[in-house]
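Scroll down for the structure; my scribbles are underneath it.
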Amino acid sequence: MNRTIIPIASGKGGVGKSFIAANLAIALAKLGKQVIVADLDFGGSNLHTCLGIHNTNPGIGDFLRARYSKLKDLLVETENENLKFLAGDVRSPFLANMHHSQKMRLINNLRQLECEYLILDLGSGSTYNTLDYFGMTQLGMIITTAEHASTVNMLTFLKLFAFRVIERSMPKNTFLDEKLRDSYNRTVMDEVLTVRGLLDEISTIDRNVAQKAEQSWIRYRPRIIINKCNLPNELDLLGSLENTFNKILMLRSDFFGCLFTDPAVSKTFKESKTLNVAAPNSDILEDINLLADRVTRLWEQPIRNSANLLQFNAKNLFEKRQK
Ligand SMILES: Nc1ncnc2c1ncn2[C@@H]1O[C@H](COP(=O)(O)OP(=O)(O)OP(=O)(O)O)[C@@H](O)[C@H]1O
Ligand SMILES: [Mg+2]
């Protein structure tokens, strides 16, 4: 089976990752795709509430504590045909601090799950573990709102992700490692460390290593979703964000989707029901379905002129709803 892994991350917390993970998974399942949605927000697992499930199920925590040898034995059927749920660590706390070997075992087993879409709801922020789950594929999804704090935190997340990819591409070499740590530990008075700057510093020690690191990094192409949008002109910032990505991060990305703020979302949280049950006629359900449709058609390909295209689509949708 051709499997697409979609890790969902964000720099800032509370931007809508779990809501989008759950409801995108349901929308894809309704399109007839075989979907698994997994809760990888260790220490903050709440994906089950967005799926309308009481979480008494054993989950990844039990797998890592060796109570289960295969992740697939922990998959739970949901009310939605084609959609299975993999619980996090509600029953076994402290997994946020899991050991490197546990993480690698988890990643290997996640890759073996059979489905067409594997959606991973990650914790917010930039711990090594979260960065590594995000790096399971070159096309991860990042959620942000248009607020300054949220976009700044997204930039920080992506920068630390770049450093992590670069670090992991390098051979174990004490001198290089030291150089890398020196670069990270600059004081706030120093110039901001860009991805180019870091690669240049590595290049002064070993040009081949720097070239290899650059090749590893430029293969990534995250897909950005703007959530909790109130007015289409909030998306005016996309152009300058794109420039910053190029300049500071040497990163190509796609602005992939926009979801508007809708009071129906808090209803799903309050009632612990899925969106299609709590608010079947809501605008936000239409936004989610549009996103799922784009995922099935466009996920694997770069989107040309994605900032303008998203602004255009969001404006049309907004105006249609005003009529
Ligand atoms: N499009 C939206 N319109 C209105 N409210 C929204 C929207 N998306 C999310 N929310 C609200 O934002 C809050 C956070 O959502 P959610 O828990 O999905 O975020 P998260 O990124 O997973 O958070 P965390 O980082 O804590 O895991 C919820 O209260 C939800 O009701
Ligand atoms: Mg969450």
Side-chain angles (χ1 to χ4, degrees), residues 6 8-28 30-31 50 119 124 139-155 157-158 221-246 249 251-269 275-276 278-323:
I6 306 184
I8 301 186
S10 71
K12 195 168 184 311
V15 293
K17 293 178 297 299
S18 303
F19 166 71
I20 293 173
N23 291 289
L24 175 63
I26 293 168
L28 288 168
K30 285 200 179 297
L31 291 172
C50 303
I119 296 183
S124 56
L139 301 171
M141 185 183 275
I142 308 233
I143 314 292
T144 182
T145 68
E147 280 173 12
H148 185 67
S150 181
T151 56
V152 168
N153 284 2
M154 169 172 68
L155 282 171
F157 176 89
L158 285 169
R221 190 169 183 124
R223 271 67 209 294
I224 294 155
I225 309 286
I226 315 293
N227 187 27
K228 305 196 198 185
C229 183
N230 296 302
L231 293 169
N233 66 9
E234 289 172 10
L235 303 186
D236 290 350
L237 59 78
L238 298 190
S240 70
L241 258 184
E242 202 163 32
N243 288 339
T244 312
F245 285 159
N246 286 332
L249 303 176
L251 177 71
R252 290 168 310 153
S253 61
D254 297 299
F255 295 101
F256 195 84
C258 172
L259 308 175
F260 286 92
T261 299
D262 189 331
V265 181
S266 65
K267 197 162 174 256
T268 75
F269 275 80
L275 194 57
N276 56 349
N281 300 314
S282 56
D283 288 342
I284 186 75
L285 184 56
E286 185 185 28
D287 292 354
I288 290 277
N289 286 334
L290 286 171
L291 178 64
D293 173 63
R294 278 169 77 73
V295 167
T296 58
R297 287 185 298 113
L298 304 171
W299 190 253
E300 300 293 332
Q301 34 179 301
I303 300 170
R304 277 214 292 156
N305 207 6
S306 66
N308 287 340
L309 200 62
L310 190 61
Q311 273 174 302
F312 179 79
N313 288 341
K315 193 162 165 276
N316 280 348
L317 191 60
F318 184 80
E319 282 170 3
K320 186 190 94 181
R321 287 175 183 164
Q322 298 306 303
K323 285 182 189 153

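Because only heavy atoms are used, hydrogens play no part in the values below, and waters and symmetry mates are left out as well, while side chains stay in. In this text, all values refer to a predicted model and were calculated from it rather than measured experimentally.
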Backbone N/O of Phe260 and side chain of Asp287: donor-acceptor pair under 3.5 Å: yes
Spacing of CG belonging to Asn227 relative to CG belonging to Leu259, to within rounding of 0.5 Å: 5.0 Å
Thr145 side, atom OG1; Lys12 side, atom NZ - distance, nearest 0.5 Å: 7.0 Å
CZ/Phe312: more than 12 non-hydrogen atoms of other groups inside 6.0 Å: no
Within-4.5 Å side-chain heavy-atom neighbours: Asn289 and Asp293: no
Separation between CZ of Phe256 and CD1 of Ile143, rounded to the nearest 0.5 Å: 11.0 Å
Intermediate values then yes/no, side-chain contact (heavy atoms from CB on, under 4.5 Å), Asp254 and Leu298: CA-CA 11 Å; Asp254 297 299; Leu298 304 171; over 6 Å; no
Euclidean distance, Ile284 CD1 relative to Thr268 OG1, rounded to 0.5 Å: 9.5 Å
Distance-only polar pair, side chains of Ser150 and Thr144, donor-acceptor under 3.5 Å: yes
Arg321/Asp262 under salt bridge (charged side-chain N to carboxylate O under 4.0 Å, His left out): CA gap, chis, key distance, verdict: CA-CA 12 Å; Arg321 287 175 183 164; Asp262 189 331; over 6 Å; no
Main-chain N/O of Leu235 paired to Gln311 side chain as donor or acceptor, under 3.5 Å: yes
Atom of Ala278, atom of Lys267 and distance for their closest heavy-atom approach: O-NZ, 2.7 Å
Main-chain N/O of Ser240 paired to Thr244 side chain as donor or acceptor, under 3.5 Å: yes
Stepwise side-chain contact (heavy atoms from CB on, under 4.5 Å) test for Asn313 and Cys258: CA-CA 9 Å; Asn313 288 341; Cys258 172; over 6 Å; no
Min side-chain heavy-atom separation Asn153-Val15 under 4.5 Å: no
SB check Lys315 Glu319 (cutoff 4.0 Å): yes
Minimal non-hydrogen separation, Leu275 against Ala264, with atom names: CD1-O, 4.4 Å
Under 3.5 Å donor-acceptor, Lys17 side chain and Ile8 backbone: no
Arg304 atom CZ, over 12 foreign heavy atoms within 6.0 Å: no
Nearest-0.5 Å distance that lies between atom CD1 in Ile288 and atom CG in Asn276: 10.5 Å
With sequence neighbours excluded, residues passing ring-ring contact (aromatic ring centres under 6.0 Å, His included) with Phe245: none
Pro302 vs Arg221 side-chain heavy atoms within contact, under 4.5 Å: yes
Stepwise side-chain contact (heavy atoms from CB on, under 4.5 Å) test for Lys320 and Glu286: CA-CA 12 Å; Lys320 186 190 94 181; Glu286 185 185 28; 3.0 Å; yes
Residues Leu310, Ile303; criterion side-chain contact (heavy atoms from CB on, under 4.5 Å); working and verdict: CA-CA 10 Å; Leu310 190 61; Ile303 300 170; over 6 Å; no
Nearest non-hydrogen partners of Pro222 and Leu251, listed with the distance: CD-CD1, 3.6 Å
Smallest separation among heavy atoms of Phe255 and Ser306, with atom names: N-OG, 3.0 Å
Over all atoms of both residues, closest heavy-atom pair of Phe157 and Ser10: CD1-O, 4.2 Å
Smallest separation among heavy atoms of Phe269 and Cys50, with atom names: CZ-SG, 3.8 Å
Interatomic distance, Arg223 atom CZ to Leu291 atom CG [nearest 0.5 angstrom]: 11.5 Å
Contact check, side chains of Ile226 and Glu234, non-hydrogen atoms, under 4.5 Å: no
